[in-house]
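So the structure is just underneath, and the comments pick up after that.
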Amino acid sequence: MTCDNLKRSLGFCVILLVQLSLSSALRSAQDFQNKVSLLLREEPENPKCFAEGKKDFTCFWEEDEERAGHVGQYSFTYTYQQQNSSQCPLRMHRVADGKRLFVCTLNSTQMFVQMDIKVQRDGVMIHNRSLLIELAFLLDPPRNLSVSQTDQQGQLRVSWVPPAVKYLDDSMMYEVSYAPADGGLPQVEEVRARSEVVLRGLSPGTLYVVRTRVKLDGISYNGYWSAWTHPVSMETPPAGFDILIISLVAIISVVVFLLSVTLILSHRRVIKKKIWPAIPNPESKFQGLFTVYGGDFREWLGHTNGSLWLRPALFSSEECPSPLEVLSELSLCPPLPSPHLPSKASRAGPLERQEEEVGKEKPSRKEEGLGGMGVWHETPHDHWLMEQLRAFHRLPAPCSQSSLLESQDAYVTLDAQQQASTEVEEHLDDIMEENSPLEVLFASSESRSDLGSMQRSSGSGRLSSGSSLEYPNHTWPPKGPGYTYMAVADSGVSMDYSAMSSSRITDVGKTLVYNEYKNEIWSEPRPVLTRQPQVHTGW
Amino acid sequence: MSQNIIRGLFALLLIVLEWTQPCLPSPLRPICDLRVLNHFIKEARDAENAMRLCWEGCSLSESVTVPQTRVDFDIWEKKTAEVQAQEVQSGLWLLHQALSLLQSSVTNTALHSHIDNSIRNLLSTNAVLRSLNFQEYVPTDGGPDGEDTWRVSTAQELLQVYVNFLRGKVHLLLSGAQACQQDVS
């Protein structure tokens, strides 16, 4: 039983050895075939010879099958310098595409000495060559090629094992070829006497294909470039952000942010004005109107001192004073003297001269609006004006009445002595009650939004003052010296009177009248009225 | 007067030091860099190429004995380092004789610089061998025997032998020198 086992194991070992030898023979045969193909491309002379190591030497030549003879017909003779000739036994190999290969292999050689080779066929020399064997090396390709990443970006470390030729490592040089896997020109790196190299300048995050080959450096030994190794692929590390770059970017962004915040904060008022302009609020001019009385102007008027109106400080001094103009009558009556008020009267501009257009009523006629009343200052001109007004007042009533009725002008009664009245309605109803004239104007002109519930317009017309219309049948009540009747004209204010029914008028009489000031530039000159840019009264 | 005394004493000191030699000569640092020999080989090749292009005034007056350059690695590796060193040193001695004869024979001025350079490099090679602690060997009795030598009659052959000798035996001896192997390992 043991003998049988031994026999079986021996047989198994023999088979294994045979297989191994066959495989190695196949590999060597394949390697030999590769070298032959390489030399057929590289070497123009015949026979082509190469040394794989320090002791072997192989020569071969190729012939077409039709012309090739028997291997016995050929002779390969080699002669070292100053030595006798020797013969090399030949063998023949059949290769692809119908060619024949005649090969001579020597197992011991002499280097650093010239060798003369002669190839003869049937005594006739067909090839002749002289060479030095140490200058005809064709080594095996490098082994165990490996590519790995390094710590640096865009780098790869390539290493390999040199061919197994003793003591020739110092004389070897290598070529490392690398290219991106997705295409691109391969680059070559030359390496001398080292079996490792670091490829630099590679693209991050890219797959590279690397291969290498070997040759002797040509000083003591020389030869042909070996075949390329099998390519090895390796990906370069992806592009990462350098910590330094990240920190610098962060610092710069923080600094820029702080600078911008500082800039915005230092100019926040200007920016706020641009982005969110403040809505003009007259609250500062009417103290307590909105805070205490909730916008109820009547209440406010009743509780406030009328002298507030007359205080110059209340009024804005920014605006130019608008003149009061005595308006003349229409054609029915002789033109009333229109006192042209000196333009040089300086008055504070009217507060409530609003140019905002509340309604969209078209002017039916060209009319003149009444401007707001400005500051009332007493000047020498005021006396003259008063005289003029008194004179006007003494005019025949019908004339004035009709003129009043038909006139397009509006009149305002001024009462300098009267303190601020309580309500606008009272003033409108009874002009003799000597209400503050400014109340009319204010009530008529101020924006409806401010006065809230008191928004009622007098019919369809835009009235700068309701005085004239409220009293169609009335004459101007003779008030006495304390009263002056003045027509107020404002160049920038238009007034639109439409035909008013009596009912309307009566309604109007009980209602507040609002003036809607609209700043219109009339194209046609007004024949009747003259404009004065300023308003001045005696108050 | 005092200066003369000082000078005299200084001279006496130098004489005494020179005579006693208190310091032993330090051993040469081994020259293991083969690039030195490679440089010599390249210059020898340049001389050989220049000689190939020379037609006149570049011939040997008589045939000379040169060392054999062939190397059979099986045989070479079996020799000891001392034998190898002797073989190399005797070859260098022969070449030195031959190149000196060539120097006197050649009349071409362009080749003179090459030959002078070759002789200088050959002496430097001897110095390199000495730095590697190889025992100095001067051949006697007219040089090595016939097995290791042959005779050449042309200048081109002489320079070819010189190149092959440097590339072969000298290079193998230096690359396998024990002094350099200790540094590597």
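Because the structure is predicted, anything quoted here is derived from the model rather than measured. Chain letters run A, B, ... following the sequence lines, proteins first and then strands; every chain starts at 1.
- Electrostatic pairing of B:R151 and B:E157 does not count as a salt bridge here, judged by no charged N lying under 4.0 Å from a carboxylate O.
- In this pair, A:Y78 and A:Y80 present their aromatic rings perpendicular. The plane angle is above 60°, beyond the 30 to 60° band.
- Top candidate by heavy-atom pairs under 4.5 Å with chain B, chosen from A:E134, A:K166, A:Q114, is A:E134.
- Heavy-atom distances place both the backbone and the side chain of A:K54 under 4.5 Å from chain B.
- Using a 4.0 Å cut-off between charged nitrogen and carboxylate oxygen, A:E45 and A:R129 count as a salt-bridge pair.
- For B:S175, no part sits under 4.5 Å from any heavy atom of chain A, backbone or side chain.
- A salt bridge does not link A:K55 to B:D72: none of the charged side-chain nitrogens sits closer than 4.0 Å to a carboxylate oxygen.
- Most heavy-atom pairs under 4.5 Å with chain A: of the set B:D74, B:I41, B:V161, this distinction falls to B:D74.
- Between A:K35 and A:E52 a salt bridge is recorded (basic side-chain N to carboxylate O distance below 4.0 Å).
- The contact between A:L132 and chain B is made entirely by side chain atoms (from C-beta outward), counting heavy-atom distances below 4.5 Å.
- Looking at B:L172, the atoms closer than 4.5 Å to chain A (heavy atoms on both sides) all sit in the side chain, from C-beta outward.
- No part of B:R35 comes within reach of chain A, as not one of its non-hydrogen atoms sits under 4.5 angstrom from that chain.
- Comparing B:L34, B:L37, B:L166, B:T69 by how many heavy-atom pairs each has under 4.5 Å with chain A, the most go to B:T69.
- Within the 4.5 angstrom heavy-atom criterion, only side-chain atoms of A:Q83, from C-beta onward, approach chain B.
- Using a cut-off of 4.0 Å between Lys/Arg side-chain N and Asp/Glu carboxylate O, B:K79 and B:E87 are scored as salt-bridged.
- If you measure heavy-atom distances from A:L168 to chain B, you find no contacts under 4.5 Å at all.
- Sulfur atoms SG of A:C59 and A:C49 are positioned under 2.5 Å apart.
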